[in-house]
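Accompanying notes for the structure given below.
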Number of protein chains: 2
Amino acid sequence: MSETETGRPWTDPACPVARTVDLLGDKWSLLIVRDAFDGVTRFGQFQRNLGVAKNILADRLRNLVAIGVLRAEPASDGSRFHEYTLTEDGADLFDLVVSLRQWGRRHAFGPGESHSELVDSVTGEPIPELTYTTPDGRPVAADRTRVRKI
Amino acid sequence: MSETETGRPWTDPACPVARTVDLLGDKWSLLIVRDAFDGVTRFGQFQRNLGVAKNILADRLRNLVAIGVLRAEPASDGSRFHEYTLTEDGADLFDLVVSLRQWGRRHAFGPGESHSELVDSVTGEPIPELTYTTPDGRPVAADRTRVRKI
């Protein structure tokens, strides 16, 4: 891929962080993905949840479909609406949404402010703080890593 | 906190995902944070790396300092420049940068396209794929979770 699906050049072609950011690193795309994990499927639902202008929402949905994060299908009730659902690539953004959630919970709430919570869908129990670990179960400290450029 | 440090209202006050996105969910803020993890400290270095307009870069740096992700200090060489470094809250964005990196590597590169790599700073070995796990070592499947709203 020499450029994003929408024809813009990559900001930093060799950097996986930058490619993801180029594709969906904007406020509305990230919140649409969050809502899709919560089961939101319809344009009108996204619009009411996010309070975003319709033309911006339409643009971001179109982009998320173009980059393969969402699929758009005719509504199951036979109406003229579309339903947007996460593709497999889109569902793989779970970690990104979790990392946004965990940082926000730790650093963007005052004491006593209440917030939504990720819970086990079967037991209803809160999901404990998740940590990135290697396949053999070790956590990775940021200051023990560096990025090898090419 | 009834609003962001810059005085804008929260898009969705009870949602930790949305608060993080409100604070730093834009392309340039995310790439500045990435660069800060790579040891970039000076305005001019950020500017050359990112190719971003100076007024936008200045705005994003100011915001990242205001929200407590970066600190700005006089340069250690006594010059008139500032050095921007990650605060403790900023360093806690490591997971977010890792999640952007891992998704990008999996879904935004064609076969054979090369990319930068996160490696162990001591051994130089690539950091293996990281997985979010609970304190007792279990991975969490997205479709076994839901968000409990308040």
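Below, read A as the first sequence line, B as the second, and so on, with proteins coming before strands; counting in each chain starts at 1. Predicted model only: the values in this text are computed from it and were never measured. Keep in mind that the numbers below use all heavy atoms, side chains included, and drop hydrogens, waters and symmetry copies.
With a 4.5 angstrom heavy-atom cutoff, B:D12 touches chain A only via side-chain atoms. Heavy atoms closer than 4.5 Å to chain A are found nowhere in B:V52, neither backbone nor side chain. Using a 4.5 Å cut-off between heavy atoms, B:P13 touches chain A through its backbone atoms (N, CA, C, O) alone. Heavy atoms closer than 4.5 Å to chain B are found in the side chain of A:I127, but not in its backbone.
Scanning all heavy atoms of the two residues, the minimum distance from B:W103 to A:D92 falls at CD1-O, 3.5 Å. The shortest heavy-atom contact between A:R19 and B:A108 is NH1-O, 2.7 Å. Closest approach of B:S116 and A:P16 over heavy atoms only: OG-CD, 3.4 Å.
For residues 142-150 of chain A, the interface with chain B (any heavy-atom pair closer than 4.5 Å) comprises A:A142, A:D143, A:R144, A:T145, A:R146, A:V147, A:R148, A:K149, A:I150, sorted by residue number. Interface with chain A: from residues 27-43 of chain B, residues B:K27, B:W28, B:L30, B:L31, B:R34, B:F37, B:D38 qualify, criterion being any non-hydrogen pair under 4.5 Å.
When each of B:V119, B:V69, B:D26, B:L118 is checked for heavy-atom pairs under 4.5 Å with chain A, B:V119 comes out on top. Interface check for chain A: of the options B:T123, B:D136, B:D120, the most heavy-atom pairs under 4.5 Å are formed by B:D120. Heavy-atom pairs under 4.5 Å with chain B were tallied for A:S121, A:P139, A:A14; the largest tally goes to A:S121. Counting heavy-atom pairs closer than 4.5 Å to chain B, the top-ranked of the candidates A:V21, A:N49, A:D89, A:T134 is A:D89.
Linking ILVMFWY residues whenever their side-chain heavy atoms come closer than 4.5 Å, directly or via other members, places A:L23 and A:I56 in the same cluster.
Judged as a side-chain contact (heavy atoms from CB on, under 4.5 Å), and not counting sequence neighbours, A:A91 has no contacts.
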Please set out all donor-acceptor pairs under 3.5 angstrom arising from side-chain atoms of residues 93-100 of chain A, sequence neighbours excluded.
from	atom 1	to	atom 2	distance (Å)
A:D95	OD2	A:Y132	OH	3.1
A:S99	OG	A:D95	O	3.4
A:S99	OG	A:L96	O	2.8
A:S99	OG	B:S99	OG	3.2

